[in-house]
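The structure under discussion appears below in the form of structure tokens.
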Amino acid sequence: MRKPLHGPKQNELQAIVNAIPDMIIRIGKDRMFHSFEGNVTDLYWPADNYLGKTIDEALPKTAADKFSQAVSKTFDGDGVEQLDYSLTINDKIQYYEARMAKSNPDELIVIIRNITREKEIQQELRGYQTLLEYKMEAQTTELSAAESNYQDIFNHSGAPSIIVDHDITISKANQKFEELIGYLRSEIENQMKWTDFVHPLDRDMVTGYHFARRSGSGHA
């Protein structure tokens, strides 16, 4: 690893490097690892084992191929390259996010962060979302079945029945009500009011009773 910096400013910079959750790597144009700083606890090997080794020597083939391609793009361009890759360490998959940029024509800096926990949280959230969607679908199916049963009972009831909205408009009427008053349901539903079938002298009383029930204040 690169020797720690010295002096007041250097000590301050070194403290910042040591405190960040990321790992900072310097890689040469020859694909050789030059230094490791920052959080090096999640490396495949101890940091010293990488120094003097190339990417192909130090990493498993799949990760090495991805790294090498990103390194080439970084040296060939002027921007920042981003790379996501994974390694199996102690029989557990670890996920990483790397950003690369040239520090000079012969060396680039790679900042790497372990994003395994973020991946696990995303997977947990997807699991919760799938479970929630399943429960909502099941409840919707149950409600649809209950509504269908209710509609069947309402439509085939032996007694004339209506459903009245807040403004006293009849939103639903069954066949027996249709037969009772002589109007078609298409003429009644959302067209006529409950009070249209009440004697004029009783309309105020019926209206008061309706709104009293709606407000929960009892009979008018």
Side-chain angles (χ1 to χ4, degrees), residues 1-140:
M1 290 185 290
R2 179 167 296 191
K3 291 183 179 179
L5 303 171
H6 296 288
K9 285 290 183 184
Q10 289 84 351
N11 289 339
E12 183 179 331
L13 291 173
Q14 188 65 51
I16 293 172
V17 168
N18 293 337
I20 62 176
D22 303 322
M23 176 168 54
I24 303 171
I25 302 175
R26 288 177 173 83
I27 299 176
K29 230 174 184 179
D30 55 3
R31 309 292 193 271
M32 190 173 290
F33 291 102
H34 290 176
S35 70
F36 289 81
E37 297 174 278
N39 181 15
V40 298
T41 58
D42 293 326
L43 283 170
Y44 190 72
W45 292 332
D48 288 338
N49 290 15
Y50 287 87
L51 298 178
K53 290 184 172 64
T54 64
I55 294 171
D56 291 331
E57 292 172 331
L59 296 177
K61 179 171 174 45
T62 301
D65 289 345
K66 278 186 157 185
F67 238 93
S68 292
Q69 291 173 10
V71 167
S72 295
K73 288 182 180 179
T74 306
F75 275 118
D76 291 341
D78 295 319
V80 176
E81 288 293 326
Q82 182 171 327
L83 167 68
D84 293 326
Y85 67 100
S86 62
L87 294 172
T88 301
I89 300 176
N90 297 325
D91 298 324
K92 182 179 179 182
I93 298 178
Q94 299 288 322
Y95 296 92
Y96 300 92
E97 179 185 82
R99 287 182 171 84
M100 304 181 182
K102 279 189 292 190
S103 59
N104 59 63
D106 298 315
E107 187 178 66
L108 57 80
I109 292 177
V110 185
I111 299 176
I112 298 177
R113 174 168 294 188
N114 189 322
I115 58 171
T116 304
R117 185 55 190 149
E118 287 87 340
K119 289 279 188 181
E120 291 172 345
I121 291 172
Q122 289 174 4
Q123 291 172 356
E124 289 173 7
L125 289 174
R126 281 196 292 269
Y128 291 141
Q129 182 178 0
T130 300
L131 179 61
L132 180 61
E133 289 174 352
Y134 170 78
K135 288 185 175 181
M136 290 180 65
E137 183 178 351
Q139 289 179 352
T140 300

I'd like to check Val110 versus Phe33 (side-chain heavy atoms, cut-off strictly below 4.5 Å). Are they in contact? no
Flag this pair as yes if the NZ/CZ of Lys119 is under 6.0 angstrom from the six-membered ring centre of Tyr95 and inside a 45 degree cone about the axis; otherwise no. yes
Just how far is it from atom CE of Met23 to atom CG of Asn114, taken to the nearest 0.5 Å? 8.5 Å
So which atom in Val40 and which in Ala47 form the shortest heavy-atom distance, rounded to 0.1 Å? CB-CB, 4.5 Å
Considering only heavy atoms from C-beta outward, does the side chain of Tyr85 approach that of Thr62 to under 4.5 Å? no
Looking only at the side chains, is there a donor atom on one of Arg99 and Thr74 sitting less than 3.5 Å from an acceptor on the other? no
Would you please name every residue forming a salt bridge (charged side-chain N to carboxylate O under 4.0 Å, His left out) with Arg126, sequence neighbours left out? none
Value for CG (Leu132) from CG (Leu125), rounded to nearest 0.5 Å, stands at 11.5 Å
Write down the atom of Thr116, the atom of Ile93, and the distance for their closest heavy-atom approach. CG2-O, 3.9 Å
Heavy-atom closest contact (Ser86 atom, Ala63 atom, distance): O-CB, 4.3 Å
Going by the ring-ring contact (aromatic ring centres under 6.0 Å, His included) test, which pairs reach into residues 99-130, not counting sequence neighbours? none
At their closest point, which heavy atom of Ala64 faces which heavy atom of Asp56, and how far apart are they? CB-OD1, 3.7 Å
Can you tell me how far apart CD (Glu81) and CE (Met100) are? Round to the nearest 0.5 Å. 8.5 Å
Using side-chain heavy atoms (C-beta onward) and a distance below 4.5 Å, is Ile25 in contact with Tyr50? no
Would you give the length of the straight line joining atom CG of Leu51 to atom NE2 of His34, rounded to the nearest 0.5 angstrom? 9.5 Å
Looking only at atom types and distance, does a side-chain atom of Asp30 sit under 3.5 Å from a main-chain N or O of Met32, one as donor and one as acceptor? yes
Sorted by chain and number, sequence neighbours left out, side chain to side chain donor-acceptor pair (under 3.5 Å) with Thr88 holds for none
Any salt bridge between Glu57 and Arg31, counting N to O under 4.0 Å? no
Between Lys66 (side chain) and Asp84 (backbone), is there a donor-acceptor pair under 3.5 Å? yes
Rounded to the nearest 0.5 Å, the CZ atom of Phe75 sits from the CG atom of Asp106 at a distance of 7.0 Å
Spacing of CD1 belonging to Ile109 relative to OG belonging to Ser103, to within rounding of 0.5 Å: 4.5 Å
Counting heavy atoms not belonging to Lys73, are there more than 12 under 6.0 Å from its NZ? no
